[in-house]
Every structure is written in C-alpha cells, then in structure tokens.
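Let me begin by presenting the structure, written as structure tokens, before commenting on it.
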Amino acid sequence: MRGWWRDLTDLVLPGECGGCGAPRTVLCAKCRAVLSGAVAHRVRPAEPSGLPVVHAAARYADEVRATLLAHKERGALALAGPLGAALAGAVRAGLPGARSGSWPGAGGAWSRGIGAPVLLVPVPSGRRAVRARGHDPARRIALAAAGELRRSGVPARALGVLRQRRAVADQSGLNSRQRLDNLAGALAVAPGGARLLSEGLVVLVDDVMTTGASLTEAARAVRSAAGPVSNAAGTGAVYRGETWESREEQNVGSTRERTGRWPARQGITGAGGAGGVVDVVCAAVVAASPDSFEINRN
C-alpha cells in the first residue's frame, strides 16, 4: 500500500527533478540525457576474482548519483522508469552478439538460445534496509529494465531468486577487501531458483557498483546453485513466477504491458550452459564509480 501511494503521488504531483531539483518534473531532459544518453561502457574496478564482465550506463556522480539516491533513500519511485531504461541499455551492451549487432535493438532478430529469455537477477537489499526504505531499489529497477527490454524485442524478465542468508555489516567505510570479506557467503539462491535460472541467460543487475564486491558474491551464489536441473516439476513454477512478476510491474514505469507466458522450454538447449547448468552471462548496473571507467586491462 505504501508503494502504491508513493507511485500515485509521484505521477499526479511530481515535485522536483531527482537529479538537479528542477521543479514540476520527475527527471528533467538534461538529467535524462546524463543518465542514459551515452553508450554503456564496460567498467573494471580493481576486479576481485569471480566478478563477471560488468557494463554501466553512467558514472556515479553529480546528477546520476542524486537520481539514484532519490529513488533509493527518498522513495521517489517514479524514477524507476528512467533508471530501468538506463539499466536496460547496460544489459544490452553485455549480451552475446551486442557488438556484432545481432540483438534486436540493433535491427536484428533475437536468436541467442533460440528465444531463451534474458533473466535479470537483482542483488537483493537486506531485510532491514527494505523495511526502512519501503522497497527494494535494485529489484524495482530490474523490473522496469525487463519491461524496457521486452519493448525493444528482447524477451526478458526479472527473477528475484537471490536471498541474504545472514546479516552483513554496513558497507560504507569498508575498503574493497573488507567488503569482500563482509559479503562472503552472505547470498544464496532460493529453493527452486536454480531450475528457474536454467531457463535463460542470467544477467546480474544492481543500481550501483563501487568495488564489485556485491556482484562478485551474487555471481558466486548463482554458480554455487549450478548443476543439472530436473524438469520433473514441469513449467508451472516458471509461469507462476512470470505472472507474479508481471503484477508487480504494474507499479514500475509509465506503461503497463502484458507479455503472456514464456514458451514452454522451446529451443533453449544450452541457454544456461550445458545440460541445464546455470552460469552468469554478464552483469549490468545503472552507474559505477568514475574510477572504474578509467581502468583498462587488456
């Protein structure tokens, strides 16, 4: 109820731009351009072992930083739409065939995995943070990004299967090594999640990347759940999950779309790896630390 009320207030009475504070707009044209006007870049922090290839839409500074904080900490939920559009651009940049132009946004037909959906797996916030904020920012942005990708012809869905299995300390003030130690073993795939992950191309997503510790732990958790996946349960859980996610997408962005059910495992052999093994294709974030844009490792 709290989220619905915020959505309605933001749509009817937009207060000020989340990026620069300009009046009577959710996000002004200038800040939208800063957020998603540039081509998404591969970003490389001092890469911890196990970090997948990561693309970011923008640098975490100035208007972009203010927009993300307004959405995350001040409950400006209408910003999920433009933030999701920016994240979708970063996801596209990391998909197989992006450079060759074979993904739909470049005018080609979606062929990777012969119709296998792109599964956006958000890094979860802690339960205490979700209660304090009233929402999970990364998950909400992932839902908006999935809708944006579908509108461009890429079959995509948000799949919130990661869970925190133990409490972690506040990351602020910790260096890269301390963050890795703080998060080590903190995430796990929910029961039944491995089978869902095997249904498509797994892309880890988050709102911000600083040291890469969160995405590294998320990748470890997904890979730990990997293994031959039985289809004995059929596709019912996939359909139920898709319907559940679609209902939540009514609260994200400006357009409600009905996508129907995914085709029942048609031609997706190898989408998640050989024999149904789950792996991470890449990762994408809305923004990353400016330093990570400058590091180039060939």
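Position 1 is the first residue of the sequence; numbering continues from there. Reckoned from all heavy atoms, side chains included, excluding hydrogens, waters and symmetry mates.
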[X] versus [Y]: any side-chain heavy-atom pair under 4.5 Å?
{"X": "Val285", "Y": "Leu215", "result": "yes"}
{"X": "Leu119", "Y": "Pro117", "result": "yes"}
{"X": "Pro122", "Y": "Arg139", "result": "yes"}
{"X": "Ser36", "Y": "Pro82", "result": "no"}
{"X": "Pro45", "Y": "Leu51", "result": "yes"}

- Step through the shown structure and confirm whether more than 12 heavy atoms of other residues, nucleotides or ligands are within 6.0 Å of CZ on Arg166. yes
- Query: In the single-linkage hydrophobic clustering (I, L, V, M, F, W, Y; side-chain heavy atoms under 4.5 Å), do Ile141 and Leu69 co-cluster?
  - Reply: yes
- Query: Do Met209 and Leu180 belong to the same hydrophobic cluster, where Ile, Leu, Val, Met, Phe, Trp and Tyr are linked whenever their side-chain heavy atoms lie under 4.5 Å apart, directly or via other members?
  - Reply: no
- ILVMFWY clustering at 4.5 Å (side-chain atoms), partners of Leu183: Val168
- Given Pro52, which of Val280, Val203, Val202, Val222 fulfils the side chain to side chain contact (heavy atoms under 4.5 Å, CB included) condition? Val280
- Task: Have a look at Val286 and tell me which of Leu87, Val205, Val208 forms a side chain to side chain contact (heavy atoms under 4.5 Å, CB included) with it.
- Result: Leu87
- Item | Stepwise side-chain contact (heavy atoms from CB on, under 4.5 Å) test for Arg140 and His71 | CA-CA 10 Å; Arg140 184 173 289 271; His71 176 260; 3.6 Å; yes
Report the distance from atom [atom1] of [X] to atom [atom2] of [Y], rounding to the nearest 0.5 Å.
{"X": "Arg32", "Y": "Leu83", "atom1": "CZ", "atom2": "CG", "value": "9.5 Å"}
{"X": "Glu217", "Y": "Leu187", "atom1": "CD", "atom2": "CG", "value": "4.5 Å"}
{"X": "Ser125", "Y": "Gln164", "atom1": "OG", "atom2": "CD", "value": "8.0 Å"}
{"X": "Leu159", "Y": "Leu120", "atom1": "CG", "atom2": "CG", "value": "9.0 Å"}
{"X": "His55", "Y": "Leu95", "atom1": "NE2", "atom2": "CG", "value": "9.5 Å"}
{"X": "Asp170", "Y": "Arg128", "atom1": "CG", "atom2": "CZ", "value": "10.5 Å"}

- Item | Leu149/Val91 under side-chain contact (heavy atoms from CB on, under 4.5 Å): CA gap, chis, key distance, verdict | CA-CA 9 Å; Leu149 288 168; Val91 171; 3.9 Å; yes
- Salt-bridge present (Glu73, Arg133; N to O < 4.0 Å): yes
Do side-chain atoms of [X] reach the backbone of [Y] as a donor and acceptor pair under 3.5 angstrom?
{"X": "Arg179", "Y": "Ala213", "value": "no"}
{"X": "Asn182", "Y": "Ala169", "value": "yes"}
{"X": "Arg65", "Y": "Arg59", "value": "no"}
{"X": "Thr67", "Y": "Glu63", "value": "yes"}

Do [X] and [Y] have side-chain atoms, one donor and one acceptor, less than 3.5 Å apart?
{"X": "Asp291", "Y": "Ser289", "result": "no"}
{"X": "Arg220", "Y": "Ser224", "result": "yes"}
{"X": "Arg177", "Y": "Thr211", "result": "no"}

- Task: With sequence neighbours excluded, give me every salt bridge (Lys or Arg N to Asp or Glu O under 4.0 Å) pair touching residues 200-215.
- Result: Lys72-Asp207
So which heavy atom on [X] is nearest to which on [Y], and how close?
{"X": "Gly18", "Y": "Ala70", "answer": "O-CB, 4.1 Å"}
{"X": "Val64", "Y": "Ala58", "answer": "CG2-CB, 3.8 Å"}
{"X": "Pro155", "Y": "Ala116", "answer": "CG-O, 4.0 Å"}
{"X": "Cys31", "Y": "Cys17", "answer": "SG-SG, 3.7 Å"}
{"X": "Ala93", "Y": "Ala40", "answer": "CB-CB, 3.9 Å"}
{"X": "Val123", "Y": "Ala218", "answer": "CG2-CB, 4.0 Å"}

- Message: Under the criterion side-chain contact (heavy atoms from CB on, under 4.5 Å), I'd like the reasoning laid out for Glu16 against Thr25: C-alpha separation, chi angles, the key distance, then a yes or no.
- Response: CA-CA 5 Å; Glu16 60 182 29; Thr25 181; over 6 Å; no
- Evaluate the criterion side-chain contact (heavy atoms from CB on, under 4.5 Å) for residue pair Arg92 and Glu148; output intermediate values, then yes/no. CA-CA 11 Å; Arg92 290 190 197 100; Glu148 183 72 19; 3.9 Å; yes
